[in-house]
Amino acid sequence: MTRLRRAALCCAAALLLTGCSGAPDTSDYPVLASAVAAANEAGNKQVSFLMQFTFGEEKTTMLFAQGEYTVGTENGYALSGKMAQTVLGASVTVEFCYADGWYGYVLDGNASRRYQTEESLRSGFLFSDAFLFDESDVTSMTRSSGDAGSGIYELKIGGDHTARLVELLGEDIYALSQLSKPDKSKTQATDLVCGYTVAADGRLTGRTLSYTLSLYDTPPYVPGVEPDYEDYHLELQITMRMQYAYDGVQPPELPDMNEYETVSG
């Protein structure tokens with residue numbers, strides 16, 4: 001083998017091992033930042049959403065929820081909406097609303113309300129503001145063309161964002177996963193991908209969030225036996241989608257929650 005050929009093979013092997021070392025092209029990041037900020041500042045808007053949690057090789061559905069709500073900010077933060085939800089095969093329809101520190105919901109004909117701060121309500125995914133991860137966390141950013149001149153962006157995100165993603169889901173994710181004694185220190189979110197659709201006029205019209213969430217239960221203690229944690233491991237595939245409409249949206253229609261039964265929690 002000639003020296004030239006040997007050198008070429010060595011270079012090829014190095015490329016396969018190290019990959020491209022260049023920084024990702026994030027030149028359109030300011031476009032997304034502007035669209036996200038404008039969406040959050042919009043007065044009245046309608047939000048359509050979908051959430052799906054699956055697990056196992058057959059992608060068994062743990063949770064599926066789909067619906068929409070209207071949010072207004074003219075007289076304080078308020079919203080009203082409706083969703084259909086299926087949890088491990090059991091389906092329900094829920095009407096919900098929020099105003100003046102009260103979150104109300106109607107389930108199986110029973111109307112209830114609980115006190116909840118606006119900050120707490122908006123910390124969960126369903127009612128969260130649109131957001132971007134820091135530009136420094138973006139490991140890949142691609143753009144494709146959509147309808148009517150819109151731009152569709154896909155961002156792969158690096159770093160550990162487990163705490164933030166669990167906050168968006170809420171601590172109920174452990175109970176939903178039927179873990180008897182979850183080892184929260186082992187919870188790990190990976191393969192995080194965010195999507196954004198920006199209309200030709202610069203407005204955010206859609207966003208997506210997908211990732212893998214690994215959860216672990218605590219194995220029973222057996223003296224002298226090292227537990228196999230994989231036997232107590234549940235891996236969820238999380239998919240969330242939001243679509244936004246702004247033009248002609250009226251303030252949310254709110255029921256009289258004074259007639260709702262007050263509950264705690």
Side-chain angles (χ1 to χ4, degrees), residues 48-69 81-96 98 103-117 119-128 157 160-194 208-242 261-265:
S48 302
F49 61 87
L50 178 150
M51 298 190 296
Q52 184 169 353
F53 306 167
T54 62
F55 64 94
E57 294 182 359
E58 298 181 357
K59 303 298 182 185
T60 302
T61 298
M62 173 183 287
L63 178 145
F64 180 87
Q66 187 170 19
E68 65 180 22
Y69 62 88
K82 184 177 183 179
M83 71 173 170
Q85 177 176 292
T86 301
V87 179
L88 294 174
S91 299
V92 295
T93 298
V94 184
E95 297 179 12
F96 53 85
Y98 181 83
Y103 176 72
Y105 53 95
V106 179
L107 177 63
D108 293 333
N110 298 314
S112 306
R113 69 172 186 171
R114 66 170 184 262
Y115 178 76
Q116 189 166 2
T117 65
E119 180 182 12
S120 172
L121 182 80
R122 298 173 70 175
S123 67
F125 174 80
L126 191 60
F127 305 124
S128 70
I157 307 299
D160 185 1
H161 302 282
T162 301
R164 184 174 186 182
L165 294 171
V166 170
E167 181 183 18
L168 285 171
L169 289 177
E171 290 288 317
D172 288 346
I173 186 62
Y174 295 105
L176 181 63
S177 301
Q178 299 185 351
L179 302 181
S180 59
K181 189 178 180 182
D183 186 345
K184 298 180 182 180
S185 68
K186 293 184 180 297
T187 300
Q188 186 68 40
T190 57
D191 305 322
L192 176 57
V193 179
C194 299
T208 62
L209 181 66
S210 65
Y211 58 96
T212 299
L213 187 68
S214 292
L215 304 173
Y216 288 85
D217 211 349
T218 301
Y221 173 71
V222 179
V225 177
E226 182 67 24
D228 185 354
Y229 283 94
E230 287 306 308
D231 291 340
Y232 298 87
H233 173 217
L234 177 65
E235 186 172 276
L236 298 179
Q237 305 297 322
I238 309 292
T239 300
M240 302 177 174
R241 301 173 187 164
M242 293 284 201
E261 180 184 0
T262 301
V263 297
S264 60

Rounded at 0.5 Å granularity, tell me how far OG in Ser128 sits from CG in Leu126. 8.0 Å
Shortest non-hydrogen separation from Gln116 to Tyr98 and the atoms involved: O-OH, 2.8 Å
Heavy-atom closest pair, residues Leu88 and Phe55: CD2-CE2, 4.5 Å
Evaluate the side chain to side chain contact (heavy atoms under 4.5 Å, CB included) criterion for residues Asp183 and Tyr232: first the C-alpha distance (whole Å), next the side-chain angles of each, then the deciding distance (0.1 Å), finally the verdict. CA-CA 10 Å; Asp183 186 345; Tyr232 298 87; over 6 Å; no
One should read off an interatomic distance between Ser112 OG and Phe96 CZ, to the nearest 0.5 angstrom, of 15.0 Å
Side chain to side chain contact (heavy atoms under 4.5 Å, CB included) assessment of Thr190 paired with Ser214: CA-CA 8 Å; Thr190 57; Ser214 292; 5.5 Å; no
Main-chain N/O of Ala189 paired to Thr162 side chain as donor or acceptor, under 3.5 Å: yes
Starting at CE of Met242, measure out to CG of Leu209 and round the result to the nearest 0.5 Å. 10.0 Å
Closest heavy-atom pair and its distance - Leu236, Ser177: CD1-OG, 3.9 Å
So, do Leu169 and Leu176 sit near enough that their side-chain heavy atoms are less than 4.5 Å apart? no
Return the set of residues passing ring pair (Phe, Tyr, Trp, His ring centres under 6.0 Å) with Tyr216 (not counting sequence neighbours), or none when no residue passes. His233
Under 3.5 Å, side chain of Thr212 to main-chain N/O of Asp191, donor-acceptor pair present? no
Partner set under side-chain hydrogen bond (donor to acceptor under 3.5 Å, both in side chains) for Arg122, not counting sequence neighbours: Glu118, Asp129
Does the side chain of Pro182 come within less than 4.5 Å of Leu215's, by heavy atoms? no
Can you name the nearest heavy-atom pair linking Ala65 to Met83, along with the distance? CB-SD, 4.3 Å
Answer yes or no: is there a side-chain heavy-atom contact under 4.5 Å between Phe64 and Leu50? yes
Name all residues meeting the side chain to side chain contact (heavy atoms under 4.5 Å, CB included) criterion together with Asp228; count only those two or more places apart in sequence or in a different chain, and write none if there are none. Glu230, Asp231
Give every residue pair that meets the salt bridge (Lys or Arg N to Asp or Glu O under 4.0 Å) criterion with at least one member in residues 161-174, sequence neighbours excluded. Glu171-Lys184
Can a side-chain donor-acceptor contact be found between Arg241 and Thr208 if the only test is distance below 3.5 angstrom? no
With a 4.5 Å heavy-atom cut-off, do Asn110 and Leu107 have their side chains touching? no
By side-chain hydrogen bond (donor to acceptor under 3.5 Å, both in side chains), Thr86 pairs with (sequence neighbours left out) Ser91
Starting at CG of Leu213, measure out to CG of Leu234 and round the result to the nearest 0.5 Å. 8.5 Å
Looking at CD of Gln85 and CE of Met51, how far apart are the two atoms once the value is rounded to the nearest 0.5 Å? 6.5 Å
Residues at least two apart in sequence or cross-chain that pass ring pair (Phe, Tyr, Trp, His ring centres under 6.0 Å) with Tyr69, listed by chain then number, are Phe127
Looking at Gln178, I want to see if its CD is surrounded by more than 12 non-hydrogen atoms of other residues, nucleotides or ligands under 6.0 Å. no
OH of Tyr174 to NZ of Lys181, rounded to nearest 0.5 Å, is 15.0 Å
